[in-house]
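Working notes, beginning with the structure itself.
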Number of protein chains: 2
Amino acid sequence: MTEAREPRPEGGSLHRRIIADIEARILSGEWPPGRRIPFEHELTAQYGCARMTVSKALTQLVAAGLIERRRKAGTFVTQPHSQSAVLEIPDVKAEVAALGLPYRFAIVARSKRRATRADRARFAVAADAWVLALTCRHDAAQRPFCLEDRLINLSAAPDAAEEPFVELSPGAWLVRRVPWTRAEHRISAVAARGDVALALNVASGTPCLVVERRTWSGEAPVTQVRVIYPGEAHELVARFTPGQS
Amino acid sequence: MTEAREPRPEGGSLHRRIIADIEARILSGEWPPGRRIPFEHELTAQYGCARMTVSKALTQLVAAGLIERRRKAGTFVTQPHSQSAVLEIPDVKAEVAALGLPYRFAIVARSKRRATRADRARFAVAADAWVLALTCRHDAAQRPFCLEDRLINLSAAPDAAEEPFVELSPGAWLVRRVPWTRAEHRISAVAARGDVALALNVASGTPCLVVERRTWSGEAPVTQVRVIYPGEAHELVARFTPGQS
DNA sequence: AAGTGGTCTAGACCACAAA
DNA sequence: TTGTGGTCTAGACCACTTG
């Protein structure tokens with residue numbers, strides 16, 4: 001049975017207030033890394049609530065990486081080790097729209113073939129697999145915004161072979177069609193050379209930001225893409241606020 | 001009272017199995033974006049468990065971004081919009097150690113001053129605030145690995161003024177001393193010029209990867225740092241597996 | 001051996017949005 | 001108005017780890 005209890009006074013639910021309280025003590029330095037925080041039963045008494053409510057709060061703080069829990073020993077503030085941040089990788093169209101510029105894309109090269117040795121170096125597809133190679137230029141305000149060089153594993157996305165990619169760019173089309181379970185991104189800086197410099201309309205040697213993404217569905221590779229952003233203007237932004245739950 | 005129930009057969013707790021089941025249906029495409037998934041009371045019946053157990057599972061799937069919940073309407077598979085990935089930003093020392101190379105760092109410039117106009121452009125510190133500007137070169141195997149240009153707000157970290165930064169690099173020292181609540185990272189590509197090219201021992205114009213990080217504690221700025229990695233070799237890696245909870 | 005966290009139950013009341 | 005999710009309770013048993 002549920003007894004009468006006081007109404008929630010302030011910012012939302014009780015377990016959120018517990019989270020906020022503990023988080024504040026950790027972030028202020030009052031509870032430094034390594035320090036044991038009160039046991040569940042102590043917090044239960046302190047907040048006058050059921051154990052499950054405290055447990056819910058602490059579980060979320062574990063997920064946020066602020067605390068660690070060990071049976072019999074207790075709950076401890078984690079030692080900060082490596083920072084992690086959530087990197088948003090938007091669709092190029094959305095990215096251009098966010099700048100308030102008109103967007104356009106065009107397929108500049110297309111080739112359906114059996115995977116070559118070079119293809120297999122980019123992406124672990126079977127030697128005899130059919131792949132679709134696409135090069136796509138994305139424009140913002142009639143100027144080159146980025147160049148996309150993509151390889152699609154046609155056994156994972158057979159429909160791609162017949163798709164003209166008129167309405168949707170290859171990336172947007174794939175994200176709607178093929179569910180993926182794993183992705184890996186690599187970000188690096190390169191100098192634009194030859195065809196790339198030409199397509200992006202920059203001088204050879206111009207530094208460019210490169211985002212390479214591989215996507216799998218289960219164990220099967222789906223696509224590999226290399227997006228090249230010209231010049232020093234483009235920025236990827238990642239933010240992290242610990243315990244934003 | 002708790003009735004007898006079957007022992008947990010397979011991979012862990014019941015709510016984890018519920019998570020795995022639903023996740024599998026979403027990732028396989030069986031439940032496409034926008035589709036309503038069973039109500040809590042249906043899942044409760046299906047798994048023969050209490051409502052709270054289902055709720056716990058669904059709450060975690062919300063946190064993972066796989067589903068959205070609307071009162072009275074139900075729970076729906078989210079539309080994929082922008083991909084997000086967790087970017088690990090390790091300490092430089094750990095980064096070099098991971099390559100199996102000997103690590104060393106050296107402070108190459110140090111200046112304590114009141115914030116200049118240029119400093120305030122980098123970071124929103126008060127006009128009369130004391131700041132510590134540091135330039136630090138990190139070496140791997142006796143060769144320049146990256147160049148760190150840092151500004152520390154001395155009102156947030158007063159001890160930094162007297163710290164020689166011999167044992168720990170400024171970044172490692174700060175992470176241990178000053179709790180931070182918010183960080184923002186910007187990643188871009190630039191060409192090495194002048195002093196930077198000299199310090200990194202590369203030709204002028206060499207493309208470099210730049211990671212700029214600003215850190216706050218509450219509303220107060222703590223530090224701003226710009227880390228420049230020379231050449232085309234360095235890569236930042238980010239991975240994403242949806243719903244790894 | 002004892003005490004911690006991990007998980008689960010069978011209820012309950014409430015807030016909110018859709019019909 | 002109605003039915004959904006949001007939150008909470010007061011128990012319970014179990015697993016693990018440490019002393």
Side-chain angles (χ1 to χ4, degrees), chain A residues 1-22 31 34-78 244-245, chain B residues 1-22 26 31 34-78 245:
Chain A
M1 113 192 32
T2 305
E3 286 182 7
R5 58 181 178 280
E6 296 110 55
R8 277 174 231 143
E10 14 187 326
S13 52
L14 176 55
H15 74 265
R16 282 182 192 281
R17 219 186 67 206
I18 299 177
I19 289 174
D21 284 357
I22 295 175
W31 287 350
R35 149 140 195 182
R36 186 181 65 71
I37 79 170
F39 296 124
E40 282 194 352
H41 67 81
E42 292 174 317
L43 292 168
T44 290
Q46 180 177 331
Y47 287 96
C49 66
R51 190 181 150 216
M52 180 123 228
T53 305
V54 167
S55 174
K56 189 172 197 169
L58 295 183
T59 298
Q60 291 192 36
L61 286 169
V62 168
L66 281 181
I67 59 173
E68 283 173 345
R69 316 194 72 192
R70 292 200 300 275
R71 283 176 164 108
K72 172 74 181 185
T75 300
F76 301 83
V77 178
T78 48
Q244 73 290 4
S245 47
Chain B
M1 111 194 36
T2 305
E3 286 181 9
R5 59 181 177 277
E6 295 109 58
R8 276 173 232 143
E10 12 187 330
S13 52
L14 176 54
H15 73 266
R16 283 182 192 280
R17 221 187 65 206
I18 299 177
I19 289 174
D21 286 356
I22 295 175
I26 292 175
W31 287 349
R35 148 137 196 186
R36 185 180 66 71
I37 80 171
F39 296 123
E40 281 193 355
H41 66 83
E42 293 175 316
L43 291 169
T44 291
Q46 180 178 330
Y47 286 96
C49 67
R51 190 182 151 216
M52 182 126 230
T53 306
V54 167
S55 174
K56 189 173 197 169
L58 295 182
T59 298
Q60 290 193 35
L61 287 168
V62 169
L66 282 181
I67 59 174
E68 283 173 343
R69 317 194 71 190
R70 292 200 298 277
R71 283 174 162 105
K72 171 75 181 181
T75 300
F76 300 84
V77 179
T78 48
S245 50

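Every chain is numbered from 1 and lettered A, B, ... according to where its sequence line falls, protein lines coming before strand lines.
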- line: 5'-most contact on DNA chain D (nearest-nucleotide basis), B:L58 vs A:R51, goes to B:L58
query: Out of C:dA10, D:dT7, D:dT2, which has the shortest distance to the side chain of B:A50?
result: C:dA10
- request: Mind calculating the distance between NZ (A:K56) and C1' (C:dT7) to the nearest angstrom?
  value: 14 Å
- request: Report the C-alpha separation of A:E68 and A:R36 in whole Å, then their side-chain angles, then the decisive distance to 0.1 Å, and conclude whether the salt bridge (Lys or Arg N to Asp or Glu O under 4.0 Å) test is met.
  value: CA-CA 9 Å; A:E68 283 173 345; A:R36 186 181 65 71; over 6 Å; no
- prompt: Has the side chain of B:R70 got a donor or acceptor atom sitting under 3.5 Å from an opposite partner on the base of C:dA17?
  reply: no
- request: Go through C:dA17, D:dT9, C:dC8 for me and flag the one nearest to the B:S13 side chain.
  value: C:dC8
Out of C:dG5, C:dA17, C:dT7, whichever nucleotide has its closest atom nearest the side chain of B:R16: C:dT7
- prompt: Considering only D:dT9, C:dT4, D:dG5, which nucleotide approaches the side chain of B:R69 most closely?
  reply: D:dG5
field: Any side-chain donor near an acceptor of the partner, B:T44 and B:R51, under 3.5 Å
entry: no
- prompt: Checking A:R70 against A:F76: charged group under 6.0 Å from the ring centre and within 45 degrees of the axis?
  reply: yes
query: Is a side-chain N or O of B:Q60 found less than 3.5 angstrom from the main chain of B:A57, in a donor-acceptor match?
result: no
message: Nearest whole Å is fine: how far is D:dG6 P from B:L61 CG?
response: 12 Å
- request: Can you tell me the distance, in whole Å, between the CZ atom of A:R71 and the P atom of D:dC13?
  value: 17 Å
- prompt: For A:R17 and D:dT7, what is the distance between atoms CZ and C1' respectively, to the nearest whole Å?
  reply: 14 Å
- prompt: Can you check the A:I19 CD1 to D:dC8 P distance for me, whole Å?
  reply: 10 Å
- prompt: Nearest-Å distance, NE2 (A:H41) to C1' (D:dA10)?
  reply: 17 Å
task: Using heavy atoms to find the nearest nucleotide of DNA chain D for B:F39 and B:S55 separately, return the residue whose nucleotide is more 5′.
output: B:F39
- prompt: When you measure from the side chain of A:H15, which nucleotide among D:dT18, C:dC8, D:dT7 comes out closest?
  reply: D:dT7
message: Without decimals, in angstroms, what is the distance between A:I18 CD1 and D:dC8 C1'?
response: 11 Å
message: Of the options C:dA18, C:dC8, C:dT9, whose atoms approach the side-chain atoms of B:K72 most closely?
response: C:dA18
field: Trace of the side chain to side chain contact (heavy atoms under 4.5 Å, CB included) decision for B:L58 with B:V62
entry: CA-CA 6 Å; B:L58 295 182; B:V62 169; 5.6 Å; no
- prompt: From the list D:dG6, D:dT17, D:dC8, which nucleotide is the closest neighbour of the side chain of B:M52?
  reply: D:dC8
query: Are OP1 or OP2 of C:dT9 and a side-chain N or O of B:T53 less than 4.0 angstrom apart?
result: yes
message: Nearest to the B:T75 side chain among D:dC8, D:dG5, C:dG5, which nucleotide is it?
response: D:dG5
- request: Please state how far atom CD in B:E40 lies from atom C1' in D:dC8, giving the value in whole angstrom units.
  value: 14 Å
